[in-house]
Amino acid sequence: MPSVGAHSLRRRLLWFVLAAILLAAVLQATTAYRGALQQADAMFDDHLQQMARSLRSGIPLGSALPESADDSGFDLFVQIWGQDGTQIFRSTRSALPPRAVLGFSDVEAHGNRYRVYTLQTPTQTVQIAQDLNARTARARALAARAVLPFALLTPLLMLVVWWVISQSLAPIERARRQVAGRAADDFSPLADEGLPDEVRPLVEELNLLFDRVRSAFDAQKTFVADAAHELRSPLTALKLQAQALRRTDDTPADREAGIARLNQGIDRAIRLVEQLLVLAREEASTAQHQTADAPVDLQEVIKLAVADVLPQAVRKHIDLGLGEDTSAQPVLVNGQREALRMMLRNLLDNAVKYTPASGRVDVSLQLASAGSGPAGQCILAIDDSGPGIAAEDRARVFDRFYRASDVALASGSGLGLAIVKTIADRHGATLRLDQSPRLGGLRVEVCMDVAPGVAAAG
């Protein structure tokens, strides 16, 4: 497992920037050092040349040095010859050869190397020599002075860069400490004051994520609380019915009736648990944006959903079928076949459940036309001849565990329409409740966008 600092932005910035500064300083110092050496060499050559020219008109040194003079302290040596070749001045005893080429040259004598400049005039020849060791030492001293600013400023510049990078990344470290120090249920937004422009969008997206997680967390807590409350009543009823079966004074007919009631209670509890699991799965899919974009034929979905609910409708002698205005051509939408089938099955199940015996439930599907809805949409409608839903309850019937106040013909979990709403939201569909103009009961409309090309074909 890599260490925490292996991918540290601060360390990488410091490493690359400081390494770049150090490399640049070394290159600049090397260039300055070599340039200073070249300039010093040129300056010393010019000094030799100027000195030789100053001596070409005479001997300003007064007289020749004694033969035994100690020349160890000199790094400049002079020899002058007359017109006839006679040496008329020499600052050293035998350090230099008696003759030299005109101009600049390097001469080695008695184990030492010299830089020599020789100038010839009509009356004399002047030779100026300089010890290359002393010359090199002075040149290096001058070059070292040129490099000294780099040696002093580079550490200071690196320190300034380290401080600037540390201060610039301090808000990121502060945000990290805020996230690391908060509780698991703390979804408050992170402060974005002082954050760099490159990091602020990330913090803003994190705050949006925290908001979504908080909403999902609150919804989950509400869901668990509601589920616990809703499960308590049927389980308590099952327990009471089981205790009633233990009475010994009941007749066989009473026992059979009690067993039938117990089975009905168990079926209702199973149905409630199934609805809870379906709702939890659909809400999780919505939160994770797992909606598929495969084309689905709503005609086929209607047939499957009607087949699922048909046995229940037959038992109540309810006329369940397609309306006369149903589109004859296939209507394709983007979505998940099984989820859409479950949504329509729940709508049909509610319609059949709350419609009195020998009633009627119609399913219709048509493309939206002028005045009926936006172009490029289809309308899936379910009409029934039941009691309908009061106008004041229509805004809340899609809430979990909510039951309309004036509906008492059938019992339910209060989750069917909540599941319908979740699936519709996941597919970008809108739901409308109204009174059925044909059957007088409830009319539920589901408006969905059709797949590209279908609207044009219609």
Side-chain angles (χ1 to χ4, degrees), residues 212 214-227 229-230 271-292 296 298 301-302 304-305 308-309 333-354 361 363-365 368 373-374 377-384 386 388-405 407 410-436 441-449:
R212 293 193 297 268
R214 181 177 63 250
S215 300
F217 189 73
D218 293 341
Q220 190 68 20
K221 288 195 300 183
T222 304
F223 176 79
V224 171
D226 291 343
H229 175 73
E230 292 296 325
R271 177 62 176 169
L272 175 59
V273 172
E274 289 177 348
Q275 294 284 67
L276 286 172
L277 294 176
V278 169
L279 180 60
R281 183 176 67 248
E282 294 300 326
E283 288 184 340
S285 298
T286 300
Q288 297 174 10
H289 305 285
Q290 293 180 346
T291 303
V296 178
L298 285 184
V301 173
I302 290 175
L304 294 174
D308 293 337
V309 183
V333 298
N334 291 325
Q336 291 182 334
R337 178 185 299 272
E338 289 303 317
L340 293 173
R341 177 182 178 180
M342 183 182 302
M343 178 185 70
L344 183 55
R345 183 172 64 239
N346 280 353
L347 289 174
L348 292 175
D349 181 75
N350 272 7
V352 171
K353 182 186 298 182
Y354 292 105
V361 176
V363 184
S364 62
L365 175 64
Q377 286 192 334
C378 62
I379 300 177
L380 174 63
I382 297 95
D383 294 88
D384 63 58
I389 298 178
E392 60 271 14
D393 290 329
R394 291 173 187 170
R396 296 194 57 194
V397 292
F398 294 107
D399 295 342
R400 290 174 295 192
F401 306 110
Y402 181 80
R403 298 180 182 88
S405 57
V407 176
S411 60
S413 63
L415 291 175
L417 291 181
I419 295 174
V420 170
K421 182 69 165 57
T422 301
I423 297 175
D425 290 342
R426 182 148 60 92
H427 288 78
T430 57
L431 298 170
R432 290 199 297 263
L433 301 181
D434 203 351
Q435 184 177 2
S436 174
L442 180 67
R443 177 180 177 88
V444 181
E445 291 185 352
V446 182
C447 299
M448 300 184 64
D449 293 331

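Remember, it's a predicted structure, so these values are computed and weren't measured experimentally.
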Distance in Å, [X] [atom1] paired with [Y] [atom2], rounded so as to fall on 0.5 Å steps:
X	Y	atom1	atom2	result
Glu445	Asp383	CD	CG	8.0 Å
Leu442	Leu347	CG	CG	9.0 Å
Gln435	Arg394	CD	CZ	7.0 Å
Asn350	Ile389	CG	CD1	8.0 Å

Report task. Could you please spell out the steps behind the side chain to side chain contact (heavy atoms under 4.5 Å, CB included) verdict for Leu380 and Val444? Result -> CA-CA 8 Å; Leu380 174 63; Val444 181; over 6 Å; no
Query raised in the report: Would you find a donor on one side and an acceptor on the other, under 3.5 Å apart, between the side chain of Asp434 and the backbone of Arg443?
Result: no
[X] and [Y]: which non-hydrogen atoms are nearest, and at how many Å?
X	Y	value
Ile379	Cys447	CG1-SG, 4.1 Å
Ala351	Val361	CB-CG1, 3.9 Å
Val333	Cys378	CG1-SG, 3.9 Å
Ile423	Ala339	CD1-O, 3.3 Å
Val352	Val309	CG2-CG1, 3.7 Å
Ser436	Asp384	CB-O, 4.1 Å

Report task. Taking salt bridge (charged side-chain N to carboxylate O under 4.0 Å, His left out) as the test, write out the residues that go with Asp308, two or more places apart. Result -> Arg341, Arg345
Query - Contacts of Arg337 that satisfy salt bridge (charged side-chain N to carboxylate O under 4.0 Å, His left out) - sequence neighbours left out - result: none
Requested in this report: Using the side chain to side chain contact (heavy atoms under 4.5 Å, CB included) rule, take Met343 and His427 through it: C-alpha gap first, then chi angles, then the decisive distance, then the call.
Outcome: CA-CA 11 Å; Met343 178 185 70; His427 288 78; over 6 Å; no
Report task. Take Leu344 and Ile302 through the side chain to side chain contact (heavy atoms under 4.5 Å, CB included) test and state the conclusion after the steps. Result -> CA-CA 7 Å; Leu344 183 55; Ile302 290 175; 3.6 Å; yes
Report task. Kindly determine whether Met448 and Leu340 satisfy side chain to side chain contact (heavy atoms under 4.5 Å, CB included), including the steps that lead there. Result -> CA-CA 11 Å; Met448 300 184 64; Leu340 293 173; 3.9 Å; yes
